[in-house]
Amino acid sequence: MKYGLIFLISYLIGSISGSFIIGKLFLGKDVRNAGSGNAGTTNAFRVLGVGGGLGTFFIDFLKGIILVLIIKKFFGQELIFYAVFCGILGHDFPIYMNFKGGKGMAMTLGAFAAISVKLTIIPYLIWLSTVLITKYVSLGSILFFISSVIFYIVFGKFSNLSNIFVILICLMGIFRHKSNIVRLINGNENKIGGKK
Ligand code: G3P
C-alpha cells in the first residue's frame with residue numbers, strides 16, 4: 001500500500017516534463033521530433049534555444065527537489081531513494097507522452113541535491129568539468145551517475161535498500177544514455193555549441 005502510493009505520487013511528479021511544458025505548450029514545438037529526440041534539458045537547448053533550455057532545466061531540477069521534500073514530509077527518509085527511482089521512471093517514461101521522455105539527469109541532480117548537497121557536489125563538479133572540457137553533456141551525465149553511485153554508497157550512511165535504489169537510479173541513467181554511448185564510441189556524439 002505504502003509502496004504503491006509512493007510509486008503513484010513519485011511517478012506523477014516525475015512525469016511533469018519541463019521540455020514538454022515549455023516546448024509543446026508554450027512554443028508549439030515537440031523536442032522529441034528534433035535534435036537527439038530526447039525530452040530533456042540538453043535537447044531543449046538545441047531545439048528551443050537558451051530560454052527553453054533554462055526553463056526545462058529549472059522545471060526538471062525543481063521537481064526532483066519537490067519530490068524529495070514531499071516524500072520526506074509524508075513518508076519519512078526510509079523510502080526516499082525508492083521514491084526518486086519511481087520519479088525517474090515517470091520522467092523517462094511519462095504515460096501521457098507515450099512513454100517517450102528524458103534521461104533523468106536534471107531530475108536526479110535536483111533530487112540528489114535535496115537529499116545531500118555534500119554527497120552530490122563532487123559528482124556535479126565532475127559533470128560540469130567534463131562538459132566544459134569535452135563539450136559532451138552526455139559524457140558528463142554518464143560520469144555523474146557513475147560517481148554518484150560511488151559517493152552515495154561509500155560515503156553515505158544509507159540502508160541496504162537505499163543503496164540498491166541508488167544503484168538502480170544510476171544504472172537507469174546510464175542505460176538511458178545508450179544511444180549517446182554508441183555515438184561517443186563512433187565519434188559522432190553531439191557537442192554543445194556544435195551543429196544541431
Ligand atoms: O542528460 C541528457 C544528456 O546527457 C544528453 O542529452 O539530448 O544529447 O541525448 P542528448
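No experiment lies behind these values; they were computed from the predicted model shown. One-based numbering along the sequence shown. Remember, it's 1-based here, ligands and their atoms both numbered in the order they're listed.
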Which protein N or O atoms sit under 3.5 Å from any N or O of ligand 1? Give atom names and distances.
unit_1, atom_1, unit_2, atom_2, d
ligand 1, 4 (O), Ser141, OG, 2.8
ligand 1, 4 (O), His177, NE2, 2.8
ligand 1, 7 (O), Ser36, OG, 2.5
ligand 1, 7 (O), Arg46, NH1, 2.8
ligand 1, 8 (O), Arg46, NH1, 3.4
ligand 1, 8 (O), Arg46, NH2, 2.6
ligand 1, 9 (O), Lys103, NZ, 2.6
ligand 1, 9 (O), Asn180, ND2, 2.9

(request) Output all residues satisfying salt bridge (Lys or Arg N to Asp or Glu O under 4.0 Å) with Lys2, sequence neighbours left out; order by chain, then residue number. (result) Glu78
(message) By the ring pair (Phe, Tyr, Trp, His ring centres under 6.0 Å) test, which pairs, at least two apart or in different chains, include something from residues 91-121?
(response) Phe20-Tyr96, Phe112-Tyr152
(message) Which residues pass the ring pair (Phe, Tyr, Trp, His ring centres under 6.0 Å) test with Phe165, not counting sequence neighbours?
(response) Tyr82, Phe85
(message) Using 0.5 Å steps for rounding, measure from the CG atom of Leu132 to the CG atom of Leu125.
(response) 10.5 Å
(message) If the test is side-chain contact (heavy atoms from CB on, under 4.5 Å), which one of Ser141, Ser147, Ser148 qualifies with Trp127?
(response) Ser141
(request) Test side chain to side chain contact (heavy atoms under 4.5 Å, CB included) on Phe75 and Ile70 and set out the steps. (result) CA-CA 8 Å; Phe75 300 93; Ile70 289 178; 5.9 Å; no
